[in-house]
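Side chains included, hydrogens not; waters and symmetry mates left out as well; all remaining heavy atoms used. Residue numbers begin at 1 in each chain, while the letters A, B, ... track the order of the sequences.
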Protein chains: 2
Amino acid sequence: MSATYLHPRPALTVDCVIFGLNTGLDELWVLLVERGQKPFKGRWAIPGGFVRVGESLETAARRELDEETGLRDVFLEQLYTFGEPDRDPREHVVSVTYYALVNLDDYELEAGTDAKKAAWFPVKRREKELAFDHRRILDVALARLRGKLSYQPVGFELLPRKFTLSQLQRLYEIILEQPVDKRNFRKKVLAMGILRDLGEVQENVRHRAAKLYAFDEKAYRQKEKAGFHFEL
Amino acid sequence: MSATYLHPRPALTVDCVIFGLNTGLDELWVLLVERGQKPFKGRWAIPGGFVRVGESLETAARRELDEETGLRDVFLEQLYTFGEPDRDPREHVVSVTYYALVNLDDYELEAGTDAKKAAWFPVKRREKELAFDHRRILDVALARLRGKLSYQPVGFELLPRKFTLSQLQRLYEIILEQPVDKRNFRKKVLAMGILRDLGEVQENVRHRAAKLYAFDEKAYRQKEKAGFHFEL
DNA sequence: GCAAAAGTGTTCACCGTACACCCATGG
DNA sequence: CCATGGGTGTACGGTGAACACTTTTGC
């Protein structure tokens with residue numbers, strides 16, 4: 001394939017910052033791929049690649065994510081577009097970035113098509129030497145994720161379908177990297193009215209069994225439409 | 001100029017949604033340009049154009065804005081990137097959009113270089129037939145401007161250097177398109193501590209002269225750094 | 001004196017926050 | 001019985017919202 005243009009154009013890529021939480025809720029992870037080619041060969045990078053003519057940005061993001069890591073059906077949200085001319089040493093590359101938060105256990109990583117390895121890294125242990133300006137992109141994504149968490153019920157989908165309030169609280173604490181008051185958290189989250197009490201409890205735990213809840217998506221959609229705010 | 005690429009690339013443009021307020025504070029305006037060429041020849045559009053290789057997105061946005069409307073030194077903020085393949089009938093064009101809010105009286109519109117006319121339009125009287133998907137872009141920008149207004153002191157720069165609290169209030173009311181309680185507004189805005197009472201009053205008004213205030217940028221920067229929130 | 005906008009306080013309801021102890025279970 | 005996490009309520013202060021009259025000025 002080849003194309004000629006009257007004026008040279010910057011290249012256009014999409015990059016996906018995928019945050020992951022395991023069901024154990026230990027830590028926040030980020031999905032990176034090892035670069036198989038120059039530049040930055042051998043360095044870890046945010047998965048992404050070139051946008052093809054005729055595909056939407058989000059489609060491109062999904063495709064690249066699938067190709068490089070095997071992840072599919074992720075809910076992506078646009079983050080920011082980075083376009084400094086020197087962010088790629090080869091040429092001027094503009095990158096439209098997306099981010100998402102997924103349950104890490106739901107996805108099996110596959111080897112990328114072009115000898116790329118994909119792996120989860122703890123966000124806390126900041127891998128210093130990411131390729132390109134990907135450290136900066138990661139930082140922007142993390143700030144956005146935290147900002148969003150405080151005014152929208154992000155993350156319910158990440159938990160097992162039946163979860164305890166403590167699990168939900170731990171989720172918030174891990175992402176925000178700060179402790180949350182148990183009683184106030186429960187009050188607020190129950191007051192939102194988007195959790196269904198399943199009437200079941202945990203089994204085989206060596207402490208008092210916790211009640212199980214489910215995310216009531218129908219109620220959520222309704223309240224969202226009505227302009228309800230979900231601050232936490 | 002010409003360039004050949006192994007793979008065809010989408011074209012890359014920047015578009016600038018410039019909102020304007022006149023000092024009279026009558027209405028919110030948006031800056032549009034009349035298209036001189038196909039497609040959508042004769043239709044009004046958001047100013048913008050193609051990104052050149054080697055220039056940053058924001059630089060490109062400033063350049064296009066200047067070329068098409070004569071506006072310079074505008075504080076632009078990135079809005080969103082639109083990349084649906086069919087948003088331009090000619091070919092796949094990805095547009096990185098920016099927005100800004102300026103004092104309309106500070107800027108003299110100049111005729112664009114390529115026979116484009118630039119003009120301010122009231123946002124309320126929605127010009128239906130904008131070029132491309134620019135109606136949608138405008139809507140997104142408007143939503144963002146309003147959202148931002150409620151948690152940041154946007155717009156102080158738009159007023160004359162010496163302004164009254166009523167003027168500031170009117171600014172908010174125009175942008176939000178809803179009335180604001182006078183006493184509560186004054187309380188909150190004064191409590192922020194980012195206004196300097198100039199000890200002067202209006203002259204030649206046929207009603208009680210209002211106190212004049214100035215935006216205390218130094219105080220603002222300090223409070224901002226300290227993580228202060230400016231909700232309104 | 002009248003029109004037009006400036007200026008000014010209080011009350012109330014609600015919400016965020018801080019805070020500590022008993023309960024159920026498995027081992 | 002002990003270790004582990006589950007579960008619960010109240011008091012306080014601060015904040016957002018509603019609300020009406022007096023003051024100043026130019027004409």
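- A donor-acceptor contact shorter than 3.5 Å links the side chain of B/Q78 to the backbone of A/T81.
- In this entry the distance linking CG of A/L212 with C1' of C/dA24 reads 15 Å, nearest Å.
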Using a cutoff of under 3.5 Å, can you pull out all pairs of nitrogen or oxygen atoms linking the protein to nucleotides 10-12 of chain C, with atom names and distances?
| unit_1 | atom_1 | unit_2 | atom_2 | d |
| --- | --- | --- | --- | --- |
| C/dT10 | O4 | B/K187 | NZ | 2.9 |

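- Per the geometry, CG belonging to B/L165 stands 9 Å off P belonging to C/dT8, to the nearest Å.
- OP1 and OP2 of C/dA5 both lie 4.0 Å or more from every side-chain N or O belonging to B/S166.
- Residue pairs satisfying the side chain to side chain donor-acceptor pair (under 3.5 Å) criterion with at least one member in residues 200-210 of chain A, sequence neighbours excluded, are listed as follows: A/K162-A/E200.
- For B/R186, a side-chain nitrogen or oxygen approaches OP1 or OP2 of C/dG7 to under 4.0 Å.
- Partner of B/D139 under the salt bridge (Lys or Arg N to Asp or Glu O under 4.0 Å) criterion, chosen from B/R126, B/R146, B/R144: B/R126.
- B/T69 pairs in a side-chain contact (heavy atoms from CB on, under 4.5 Å) with only one of the listed residues (B/L31, B/L32, B/V74), which is B/L31.
- In this entry the distance linking OH of A/Y151 with P of C/dC15 reads 21 Å, nearest Å.
- Residue pairs satisfying the ring-ring contact (aromatic ring centres under 6.0 Å, His included) criterion with at least one member in residues 187-206 of chain A, sequence neighbours excluded, are absent.
- Looking at residues two or more places apart in sequence or on another chain, you find a side-chain contact (heavy atoms from CB on, under 4.5 Å) between A/F228 and A/K223, A/F230.
- Residue-level contact check: A/N204 touches neither bases nor backbone, having no heavy atom under 4.0 Å from any strand.
- B/R136 has its side chain within reach of B/F82: a pair of non-hydrogen atoms, C-beta onward, lies under 4.5 Å apart.
- The 5' end of DNA chain D is approached more closely, in terms of each residue's nearest nucleotide, by A/Q202 than by the other of B/D181 and A/Q202.
- Going from atom CD of B/E173 over to atom P of C/dA5 covers 13 Å, rounded to whole Å.
- Between A/Q167 atom CD and D/dG7 atom P there is a gap of 11 Å when expressed in whole angstrom units.
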Report each atom pair, protein N/O against N/O of nucleotides 21-23 of chain D, whose distance is under 3.5 angstrom.
| unit_1 | atom_1 | unit_2 | atom_2 | d |
| --- | --- | --- | --- | --- |
| D/dT23 | O2 | B/R208 | NH1 | 3.2 |

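- In this structure, A/K188 and A/H207 both approach DNA chain C, and ranking their closest nucleotides by distance from the 5' end singles out A/K188.
- Not counting sequence neighbours, the partners of A/R72 by the salt bridge (Lys or Arg N to Asp or Glu O under 4.0 Å) test are A/D66.
- Atom pair A/L190:CG and D/dG9:C1' shows a separation of 14 Å (rounding to whole Å applied).
- The interatomic distance linking A/R183 (CZ) with C/dA18 (C1') rounds to 8 Å, in whole Å.
- As rounded to whole Å, 16 Å separates atom C1' of D/dG6 from atom CD of A/E203.
- Within the model, atoms CG of A/L21 and CD of A/E157 stand 11.0 Å from one another, a figure rounded to the nearest 0.5 Å.
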